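Here the structure is laid out as structure tokens; the discussion comes afterwards.
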Amino acid sequence: MPFKKVQKIGVQLKQVKGTATEASPQIGRLVGAVSHVNLNIIRVALDVPLATLFDYTVAEGVAVAIGQRVIVPFGRRQMVGVVMECVATTEMAPERIKAVKQVLYDSAPLSAELLGLLRFCSDYYRYPIGPTVLSALPTRLRLDKPIISKVILSYRLSASGAALDLDTFPKRKVVQRRILAKLAEQPCNLVQLKSLSATAGAQLKVLVAEGWVESDALATSLSPACGGGEQHTFDNAHTLTDEQQQAVDAVTAAQGYACFLLHGITGSGKTEVYVHLMHSVLQRGGQVLLLVPEINLTPQLEHYFHNRFPEVNLISLHSGLSEGERLHNWQQAQAGVAQIVLGTRLAVFAELPRLALIIVDEEHDSSFKQQDFLRYSARDVAIFRANRRGVPIMLGSATPSLESYHNAQSGRYRMLRLTGRALAGARLPAVRCININQTVMHHGISENLLREIGQRLARREQSLLFINRRGYAPVLMCTGCGWLSGCKHCAGKMVLHLNDQRLRCHHCGYQLRMPHACPSCGNADLLPLGSGTQRVESVLQERFTEARILRVDRDSTRSKRAWQMMREQIHANEVDILVGTQMLAKGHDFPALTLVGVLNPDGALYSSDFRAAEKLFAQLVQVAGRAGRADKPGEVIIQTAFPDHPLFLALQNHDFEGWAASQLAERQMAGFPPFMYQAMLRAEGKQETGVYAFLNQARAAAVALRLTVEILGVVPAALPRRANHIRAQLLIQGAKRKDLQQFLCAWQPLLDALPAQKLRWSLDIDPLEF
Ligand SMILES: [Zn+2]
Ligand SMILES: [Zn+2]
């Protein structure tokens, strides 16, 4: 879109209409400005923590489109930014406005759809527009230099390039001349241009920087895999069950936006529903976005969908990719060449010109929520995106979040159920509890459970012990004086790691050599309290000397390949007993696994976080789902001091509905989400007085606004001190999303104006961590 004066004025007038309250003074200013100032002004999003766009001028005749990247001077540096608006006037004095240094024609401008989505996120999550826009881009596009992409982009002459007279073009610039001549005939991609000369890539960069050559990301004709409407073969080996078929039919019949909640028990074949839906979208030439919670899951899912759709161009987007890969994949999505985009939460910001379906798998998973910077929920943003775009979205889970479940029950979403296991004859695992107060325990493992593991060993079946604590023991205690291994920087305890004889803080990373005597009284008798993965591993090693034991946690899977290799070992049945944290719970199929032991789930039952029980239920259903997926029946044994707790009873009866109903009733009574909408203001700093003074002032400002929200008290965070910083928080609740948003709109400028030296604060909308 070239920059034309007529358009500029049109845009500006529309904006004036939009801001009704200030319309008259602005019109006055605008008319005055237009008659005096004759500037081409663009408003640019920059990665600086200010909730504003920045104005720059563009020389007459330079083509700038909204969504294009530009390099601009900022202070003493130069920065890359994204053009958000083209306007005719500015409030800045004309002599103070700087000129754009370079317009980057190296990639296609961001679409109006994506920019609209990012504006929404910036508003809704109360995060500055510049960092919001820039954080959505792959790193390479955030650098202040042009990129040259490999195959997807096609290059062609720009208007100014076409106007060049090649006869007068400098003779010594041989390669540039060749490129220009070639492009005068037809658009080419980089590979074609490189056939002209080995230095074509570098010379092309020069031509692009001069503005003589521009790229076109929608070079769909270049890829054999893309284009709409052709027939795809896909591996359709599985016959759908009636319930699966109904789910597929419901979504395929949807006209425009609709949100479906696919509630399917573990092993009910949700993935098969996804495959059939994808197939129908691909046949119509659309793109599918599939969001998954866990980066560890993407390689195996990628492999799986590749096998099901052998001819389809599937790409993944997640933070584990190299910068080059991520850029390449992002551009394939942007060009419409990638038909299936599989990714973690950041993929929700992928450009998808032919997007026709979004699927969010394991929608309840809290890793869809980003916990810093732009604190967005990828699931919620995906729903908003589907709505704006007018396409269906499917949320899938065996244990839906209570928010989604409530929405499905109240009719905002449509509920689709898969109640039977897809494999004929496969049964849900039997769940039973062992009361840890009425049985013999060996360092955290009951005799009964050990006996069961022994039986599995004899039958050459696998067992999994699930424990949510890595390390050897959660804390080291002195038997003499009661000293506990607290972290000197945090309110938490240091975890004992026996392999390397260290105490480690899992909150701040601080570590110490394990003391040989009590630092407080000198007593040499120090006792590890509680169990972590390493301790469980060593107890098992003592008892089952012949067994092959594998520990899977963040410590043992630090390297990129480690987890992949472990999975191969498990599948090859080279492992007898698995010991692991929640990493093991998510979506991995281990056909020989028939026993799951859950070691210490009780902490979550009485947590201060009102979602702890919901999370525990989901986690236990997930980990239980690992047992007996093939033809062998599975068994789950839970060690607890509260075997009669409703959560465990619901689990034994596989009764999600009953459990959800009781939880929702409790939430409604207590006034918690999904019946309330929340925003959390968090602050942390070295001085306790400063942190609390800030939050108390913020609270006073909130109260003074007299809006229809509930303002709670200032309280310490769940971990009140981390890395020597005091942490506290203030919760705001509204009965309606609109009420809360209206309040936040009024409150945030007041927060920005509060003195906040030496402390960090942030707003978290729809917070998940308490
Ligand atoms: Zn002591
Ligand atoms: Zn610490």
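Index from 1, following the sequence. These figures come from a predicted structure and were not determined experimentally. For ligands, and for the atoms within them, numbers begin at 1 and follow the listed sequence.
- Considering only residues two or more places apart in sequence or on other chains, Phe368 meets the ring pair (Phe, Tyr, Trp, His ring centres under 6.0 Å) condition with none of them.
- Each protein N, O or S atom less than 2.8 Å from the Zn ion (ligand 1) was counted, giving 4.
- Ring centroid separation for the pair Phe743 and Tyr677 does not come in under the 6.0 Å cut-off.
- In this structure, the side chains of Ile711 and Arg699 come closer than 4.5 Å at one or more pairs of heavy atoms.
- Residues in residues 467-492 take part in these ring-ring contact (aromatic ring centres under 6.0 Å, His included) pairs, two or more places apart or across chains: His489-Tyr510.
- With waters left out, the protein N, O or S atoms under 2.8 Å from the Zn ion (ligand 2) add up to 4.
- Under the 4.5 Å side-chain criterion, counting only non-hydrogen atoms from C-beta, Tyr405 is not in contact with His364.
- Aromatic rings from Tyr127 and Phe373 are positioned such that their centres are separated by 6.0 Å or more.
- Between Lys369 and Asp764, at least one side-chain N (NZ, or NE/NH1/NH2) sits under 4.0 Å from a carboxylate O, which counts as a salt bridge.
- Arg558 and Asp555 are joined by a salt bridge, as a carboxylate oxygen and a charged side-chain nitrogen come within less than 4.0 angstrom of each other.
- Ring pair Phe648/His645 is perpendicular by interplanar angle, where above 60° counts as perpendicular and below 30° as parallel.
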